[in-house]
Amino acid sequence: MKKSYWLMKSEPDVYSIDDLIADGRTHWDGVRNYQARNNMMKMAVGDEVLYYHSRQVPPAVVGWARVVKESYPDFTQFDETSGYYDSRSDEKNPRWHMVDVEFVEKFEVETSLTQIKDQELLCDMVLVNNSRLSVQPVLKEEFEWILKMSCSKIEL
DNA sequence: GCCAACGTTGGC
DNA sequence: GCCAACGTTGGC
């Protein structure tokens, strides 16, 4: 199976790249959008993920993560005390899924949305055209180009 | 904090 | 199945 490439958004106030460093790996709970969920359900172990901080100034790709567990039901949908609780989801047929990702690298240079829009190679990214999708596919060339712009020390 | 763009819900 | 009303996301 060929590797796929993705971009996942997080609000740094909620869960930043530094939180991922501290935890080493995490489950990507709380996605409540079908398109984003469907993308997570397509993920395979070993897929590469760009870590994006939204709602910061400027919004930017800040790091690199990797899928370490393929999609499984997001337990927060059944937790009434969770903000992500979904009363209409059925335990036998869970509506929401999540994956686990591990930390790979925090970039020394953040690549901002503006810089991405300015790159001919990147201006067709989903990020640019559908700004609301929090889990989105990325082309390998786009992934590599962003690694370069971010001065990544690791080869793909 | 504002608000445009987008997604979802629910009445008909 | 349409679409108005509502809720959420995320750039600014």
Side-chain angles (χ1 to χ4, degrees), chain A residues 4-23 25-43 47-67 70-101 103-139 141-143 145-152:
Chain A
S4 299
Y5 302 84
W6 309 94
L7 180 144
M8 295 172 100
K9 292 181 188 174
S10 187
E11 294 181 37
D13 292 345
V14 178
Y15 196 86
S16 72
I17 187 78
D18 291 319
D19 293 320
L20 183 60
I21 290 173
D23 293 341
R25 69 182 266 173
T26 192
H27 47 263
W28 207 266
D29 61 295
V31 170
R32 295 292 181 270
N33 169 283
Y34 288 105
Q35 229 184 319
R37 179 206 67 178
N38 292 344
N39 285 333
M40 282 202 294
M41 292 177 83
K42 290 182 208 156
M43 289 182 180
D47 281 2
E48 310 289 356
V49 177
L50 290 171
Y51 203 103
Y52 181 88
H53 278 175
S54 63
R55 299 193 69 110
Q56 70 169 16
V57 182
V61 175
V62 297
W64 182 352
R66 186 173 293 130
V67 177
E70 69 181 32
S71 71
Y72 59 105
D74 178 342
F75 56 81
T76 62
Q77 71 196 302
F78 305 121
D79 177 2
E80 287 184 47
T81 66
S82 166
Y84 296 126
Y85 177 65
D86 185 349
S87 61
R88 287 161 307 179
S89 187
D90 175 8
E91 293 221 31
K92 289 189 197 85
N93 185 20
R95 187 182 282 209
W96 305 114
H97 293 251
M98 60 186 178
V99 296
D100 288 359
V101 299
F103 172 76
V104 176
E105 185 182 8
K106 180 182 179 179
F107 299 140
E108 285 195 4
V109 179
E110 298 190 358
T111 296
S112 72
L113 180 60
T114 313
Q115 288 174 281
I116 287 171
K117 286 178 176 168
D118 286 344
Q119 293 287 320
E120 209 172 323
L121 242 145
L122 302 177
C123 61
D124 288 329
M125 285 181 69
V126 181
L127 191 65
V128 177
N129 299 304
N130 180 1
S131 66
R132 309 250 334 248
L133 186 59
S134 66
V135 180
Q136 51 182 264
V138 170
L139 297 176
E141 304 80 73
E142 294 167 343
F143 198 99
W145 193 245
I146 288 178
L147 289 188
K148 205 172 290 180
M149 291 176 75
S150 308
C151 303
S152 168

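Each chain gets a letter, A, B and so on, in the order the sequences are listed, and its residues count up from 1.
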- prompt: Do the two ring centres, one from F143(A) and one from W64(A), sit under 6.0 Å apart?
  reply: yes

query: For E11(A), which contact category applies under a 4.0 Å heavy-atom criterion: base, sugar-phosphate, or nothing?
result: nothing

message: Check whether N33(A) reaches the backbone of A36(A) with its side chain - one donor and one acceptor, N or O, closer than 3.5 Å.
response: yes

- prompt: If you walk 5' to 3' along DNA chain B, what is the first nucleotide with an atom under 4.0 Å of a heavy atom in chain A, and what is the last?
  reply: dC2(B) to dT9(B)

- prompt: Between G30(A) and V57(A), who's closer to the 5' end of DNA chain C by nearest nucleotide?
  reply: G30(A)

message: Using modelled atom types and a 3.5 Å cut-off, is there a donor and acceptor pairing between side-chain atoms of H53(A) and backbone atoms of I17(A)?
response: yes

task: Decide if the gap between the ring center of W6(A) and the ring center of Y52(A) is smaller than 6.0 angstrom.
output: no

- prompt: For DNA chain B, which residues in residues 113-125 of chain A have a heavy atom at a distance below 4.0 Å?
  reply: none

message: Using a 3.5 Å distance criterion without hydrogens, assess whether the side chain of D79(A) forms a donor-acceptor pair with backbone atoms of F75(A).
response: no

Check: D23(A) side chain, R25(A) main-chain N or O, donor-acceptor pair, under 3.5 Å: no

message: Can a donor-acceptor pair be found, under 3.5 Å and without considering hydrogens, that links the side chain of K9(A) to the backbone of S131(A)?
response: yes

Aromatic ring proximity Y5(A)/W145(A), centre distance under 6.0 Å: no

